[in-house]
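A short worksheet on the structure shown next.
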Amino acid sequence: MEALNLLGDGLAAALTPNNLLWALCGVLLGTAVGVLPGMGSAMAVALLLPVTFQMDPTSAFILFAAVYYGGMFGGATTSILLNTPGQASSIATMYEGHKMALAGRAPQALGTAVIGSFVASIVGTLAVAMFAPTMVEFALKFGPGEYFALTIFSFVAVAAVVSGSVLRGMASLLIGLAIGLVGIDSQSGAPRFDFGSAVLLDGVNIIIVTVGMLALGEVLYVAARGRNAPDLGRIRSGKPWLKKRDMRRSFPAWLRGTAIGTAFGPIPGSGAEIPTFISLGAERRLAKRRERRGGEKSEFGKGAIEGVAGPESANNASAAGTLVPLLGLGLPTSATAAIMLAAFQQYGLQPGPVLFERNGDLVWTLLASLLIGSVLLLAINLPFAPLWAKLLKLPKPYLYAGITLFSVLAVYAINGSVVHLVMLLAIAVLAFGMRHFGVPVAPALIGVVLGPIAETELRRALAASDGDPSILVGSSISIGLYVLVVLAALVPLAARLRRARVSRRAEERAGADVA
């Protein structure tokens, strides 16, 4: 009841005309960015970061959260209409959604995605509001050793699980850690990786890293692909209304996807990709089970509406869940959350248990604004979702030229330094190379943000124990986290070895049959 009362107070604060305007702007911008392939809410928040420095912190974070939800909400449009995910979290929606579009059911696919996202956003936000204080109480048990173990777990989980390839994920993480080490050592005052430049003594600004990797890196990658880049002009759309049969099949999938996304959202490193694919697999298995029992025939592979409803619900529910570790522990579980953590730090705020005590008004207003944003998203996207796809008709040269101009202006606005523009170009070229060789960008962003935190907590732990490393495994929490680290690293490897063994046995049987 206390949480509901605090949420009610936050809702009253969020319903002011000024905050409602920022929520509407964020929803519109996030949805538009989510529709554009290769963009995503992380890039939009990164570009807005320098623009919001003069804003009130509450209004700024309402804008960020609305962009975050809008990006997750709008990313399904191109997955369904164009078979090109607006962002990685919409990949699972693409499999059945685009088949529905090819079968002439694009309006129904858009409709179930929009309603499912709304249901998941409301439930996920309420879950965050109810369980965030419990998470904070648990966080009070964390010392430097536990925080260090938590950052290590986040590193390995992102690199090994989200990226799919352990080797490439670890390579991306090391790139981010190396960038995060640039600057003056806070303990000894010694310069690190400054290459004799006074500008680098302050480190590499997170805005330069995020804009370079997410915006300019994508522009360079699209330009390099040339004619092989997706054709954004072939769009079919219609009115996204659902029939009774569609509602009957979608409703249980919305609930199951919401439950899966809410459970995975708070887990460091889980991202939105994992719960969406788990939801897709669960809906496929349930459909086959119903068919074997003599029920309705499964439409998976031909355009099953459950294959859109479940993943989209899991996507948006996990987006709400990422705020729990961000606000309660100060740990981001996605690229967008990592940028929001940097925004907190720019305002002199440190997410964690103290944030709820010292800045409770901001936190509860932020959570309440998510409910408002969910309603705005439904009102905008249900009738107008097909219209967002028209943004893809913009000529690609104009579209990406505008992104480049905005990126350069955002970085130059930091302090008017040309050196920062050179750093931006260098990071963009690095990001282009990562995309070209299939190295994921998300672990690098997590490494840039969490690397300094992990170093600080390690030093604090060793200082508190007079250099005794046993403090790093001195509690059941830290031991449990290190066990999860080992599992996160070994499970993908074991699964890959198992698939290779099964494939080899199948080849041997085929050879024996031929003989």
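Treat the numbers as computed from the prediction; the structure is a model and nothing was measured.
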Shortest non-hydrogen pair, Gly447 vs Pro452, comes out as O-CD, 4.2 Å
From Leu371 CG over to Ser121 OG, what is the distance, rounded to the nearest 0.5 angstrom?
9.5 Å
Find out whether Val204 and Met423 are in side-chain contact, i.e. whether some heavy atom of one side chain is under 4.5 Å from a heavy atom of the other.
yes
Taking every non-hydrogen atom, the tightest pair across Gly438 and Arg168:
O-CD, 3.4 Å
Within the structure provided, determine whether Thr365 and Phe61 are in side-chain contact (heavy-atom separation under 4.5 Å).
no
Counting neighbours of CZ on Phe251 that are heavy atoms of other residues, nucleotides or ligands and sit closer than 6.0 Å, is the number greater than 12?
no
Nearest 0.5 Å, what's the CZ-CD1 distance between Arg460 and Ile471?
10.0 Å
Nearest heavy-atom neighbours spanning Gly116 and Ser313:
O-OG, 3.5 Å
When rounded to the nearest 0.5 Å, the distance separating CD1 of Ile372 from CG of Leu377 is 12.0 Å
Minimum heavy-atom distance Ala314-Ser279, with the two atoms named
CB-CB, 4.0 Å
Correct closest heavy-atom pair for Thr262 and Ala127 would be CG2-CB, 3.8 Å
Whether the side chain of Asn316 engages the backbone of Glu312 through a donor-acceptor N/O pair (distance < 3.5 Å, no angle test) should be reported.
yes
For the CD atom of Glu455 and the CZ atom of Phe148, what is their distance to the nearest 0.5 Å?
10.0 Å
Could you check whether any side-chain N or O of Ser172 sits under 3.5 Å from a backbone N or O of Ala444, counting only pairs where one atom can act as donor and the other as acceptor?
yes
Scan Leu173, Ile179, Leu181, Ile175 and name whichever one has a side-chain contact (heavy atoms from CB on, under 4.5 Å) with Leu177.
Leu173
Of the non-hydrogen atoms in Gly217 and Ala431, which two are nearest, and what is the gap between them?
CA-CB, 4.0 Å
Is there a donor-acceptor pair under 3.5 Å between the side chain of Arg435 and the backbone N or O of Met213?
yes
Side chain to side chain, Leu366 and Thr58, heavy atoms closer than 4.5 Å
no
May I have the step-by-step check of side-chain hydrogen bond (donor to acceptor under 3.5 Å, both in side chains) for Ser59 and Asn19, ending in yes or no?
CA-CA 6 Å; Ser59 299; Asn19 289 335; 3.1 Å; yes
With side chains defined as the heavy atoms from C-beta onward, is the minimum distance between Phe118 and Val375 less than 4.5 Å?
yes
Ile427 and Leu216, any side-chain heavy atoms less than 4.5 Å apart
no
Working to the nearest 0.5 Å, report the span between CG of Asp9 and CH2 of Trp364.
10.0 Å
Measuring from atom CZ of Arg284 to atom CG of Leu286, what distance do you get when rounded to the nearest 0.5 angstrom?
11.5 Å
Determine whether a donor-acceptor pair (N or O, by modelled atom type, separation under 3.5 Å) exists between the side chain of Ser478 and the backbone of Ser475.
yes
Main-chain N/O of Ile122 paired to Thr125 side chain as donor or acceptor, under 3.5 Å
no
